There are 2 protein chains.
Amino acid sequence: MKTLGAAHRPLRELVADELRQRILDGRLPQGGRVIEDRLAEELGVSRNPVREAIRLVESEGLVEVTPRRGVVVSVISAEEAHDLIEVRAALEVAAVRRAANQGVAPAVLEELAAILAEGAAAAAAGQFERLSMLNTRFHDELARGSGNGALVEALRSLQNRLQLLFTAGVHRRSGKAWEEHGRILDAIRAGDADWAEAETRAHISGAASRYENNRAAAADGAAPSDAAATPDGAGAQA
Amino acid sequence: MKTLGAAHRPLRELVADELRQRILDGRLPQGGRVIEDRLAEELGVSRNPVREAIRLVESEGLVEVTPRRGVVVSVISAEEAHDLIEVRAALEVAAVRRAANQGVAPAVLEELAAILAEGAAAAAAGQFERLSMLNTRFHDELARGSGNGALVEALRSLQNRLQLLFTAGVHRRSGKAWEEHGRILDAIRAGDADWAEAETRAHISGAASRYENNRAAAADGAAPSDAAATPDGAGAQA
DNA sequence: GCATCGTATGGTGTATACAAGACCCAGCGC
DNA sequence: GCGCTGGGTCTTGTATACACCATACGATGC
């Protein structure tokens, strides 16, 4: 193991992890309130680390805090989703262009290839939970390949919020997404920035439209007016 | 005034504002420690709101927290600065492209023109403090013109961190920056996305190289090895 | 019956207290 | 002299306590 000290993380971080997870896997529904006291008691800690964890998660956009009114899990509107995806596209394009132009460390390339293989296998086997995780890792590694730390960080923050869109949703048509991943990687390997940009734009817009379709389909089936409703059967992967 | 309730912000936010300001105006030097207890006593509050304020400011990248070791004001290396500027360029280009393509609300255009006029006047008069503030406002308004909330937010966060670079620095050659601002606005008014992109890239890379020069010059004059040294006589505006 | 005002309750905001970790330095042994 | 060890101090981590705000609901007046 690494040093013991480094492994001992403060409670606020453990609480933040737990809170994030509960939000992303839908245990805390969008629009639902987060009560400091209740969460604290549930986790067996005092309110202080919970409050600090809330500030962390707030800065990631997963919850919204109104002073003296409390905390609710963020609800991402269609418009906000569109905005987030647009920002993500801009950043991811910048990342792959940079990666293609200046080359990527072999270790990162190998890692990407490994994730790609795992992802294709998981897609074929229909392991959607795993696929979602692999998808996040692929894009994270892609950002890392740019060698730009600020880019990695910014994209990770966006990814977190976008994940909210897929909460409780199954992930369909994942095979297509993984083909696109493969082509992006090919373009980077070839050092062709324009090609990489084109593939990335295609991937993101494809994922966005897949998401839109699913969202519309879910809105038909479920009650569309209830903002806190958990969309079932919807979801796509970018 | 608006409602009284909305105006009453919690202490953590007031403390966060104060902390930000102290960092950005150099009262807290880069690399310097931030002691919770001391800050709390100085501001006449308890440690709790201070701790929460620190989480806020941490999420903005202005301070770095090491568990059980404490808080230090972030030091931005040349490489990190480069990375941040690159991300900013990507986002700002996306913003002006979108603004040019889909048009900007007249109110925002007027606001931009007003800031531009004020900025030009301030540049001529040599009011550098004011100029820095106007510069931030111009870019903020520019982002708002894109109509993409996520973009506004992301750029604001970057701007905060970049401001660290200019801490305690005078702002030279500001006139040039404001000419560039004017051309960006012209391009958006004309609805020419390619032109707007070109002007924005020129502006940011121009500002970056002005900054680099100043940094190099400052490193010659001052002790280059001391990370916490406050560079004097350096600074540029983007 | 309806509007309005108390009042109870649930919740957040802030302060204080204590525990535990990290760091510094003196003193000791080798 | 040099490294190690011990305590002391400074600082952060966590818990508890209380005050204040927001809201819901019932009582009271008309």
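A, B, ... follow the sequence lines: proteins, then strands. Residue 1 opens every chain. Here the structure is a predicted model, which is why all the values come from computation and not from measurement.
- Judged by distance alone, with hydrogens and angles left aside, A/Arg38 brings no side-chain donor or acceptor close enough to the base of C/dG10 to form a pair under 3.5 Å.
- Within 4.0 Å of A/Val50, counting heavy atoms only, lies no atom of the nucleic acid at all.
- Atom P of nucleotide C/dA22 and atom CD of B/Glu36 are separated by 15 Å, given to the nearest angstrom.
- Checking side-chain atoms of B/Ser157 against main-chain N and O of B/Glu153 turns up no donor-acceptor pair under 3.5 Å.
- Taking the six-membered ring where tryptophan is involved, the planes of A/Phe138 and A/His181 are essentially parallel, since the angle between them stays under 30° and well short of 60°.
- The distance between atom CD of A/Glu52 and atom C1' of D/dT14, rounded to the nearest whole Å, is 9 Å.
- OP1 or OP2 of C/dG13 sits under 4.0 Å from a side-chain N or O of A/Arg51.
- Within 6.0 Å of CD on A/Gln102 lie more than 12 heavy atoms contributed by other residues, nucleotides or ligands.
- One finds no side-chain N or O of A/Arg47 lying less than 4.0 angstrom from the OP1 or OP2 phosphate oxygen of C/dT12.
- The base of C/dG10 lies outside donor-acceptor range of the side chain of A/Arg33, with no N or O pair under 3.5 Å.
- Where A/Arg69 and A/His8 meet DNA chain D, the nucleotide closest to each residue was compared, and A/His8 sits on the side nearer the 5' end.
- Between the side chains of B/Ser59 and A/Glu60, no donor N or O sits under 3.5 Å from an acceptor N or O.
- Among the heavy atoms of the strands, none lies under 4.0 Å from A/Val15.
- One can place CD of A/Glu41 at 19 Å from P of D/dT14, the figure rounded to the nearest angstrom.
- Map A/Pro67 and A/Arg9 each onto its nearest nucleotide of DNA chain D; the residue landing nearer the 5' end is A/Arg9.
- A/Gln159 and A/His139 form no side-chain donor-acceptor contact under 3.5 Å, judged by distance and modelled atom types alone.
- Taking 4.0 angstrom as the limit, B/Ser46 places none of its side-chain polar atoms (N or O) nearer than this to OP1 or OP2 of C/dT14.
- Rounded to a whole Å, the CG atom of B/Asn48 is 13 Å from the C1' atom of D/dC18.
- Whole-Å rounding puts the A/Asp37 CG to D/dA15 P distance at 13 Å.
- For C/dG13, neither phosphate oxygen OP1 nor OP2 lies less than 4.0 angstrom from any side-chain nitrogen or oxygen of A/Arg68.
- Put simply, CD1 on A/Ile35 is 11 Å from P on C/dG13, counting in whole angstrom units.
- With rounding to whole Å, A/Leu11 atom CG is found 11 Å from D/dG13 atom P.
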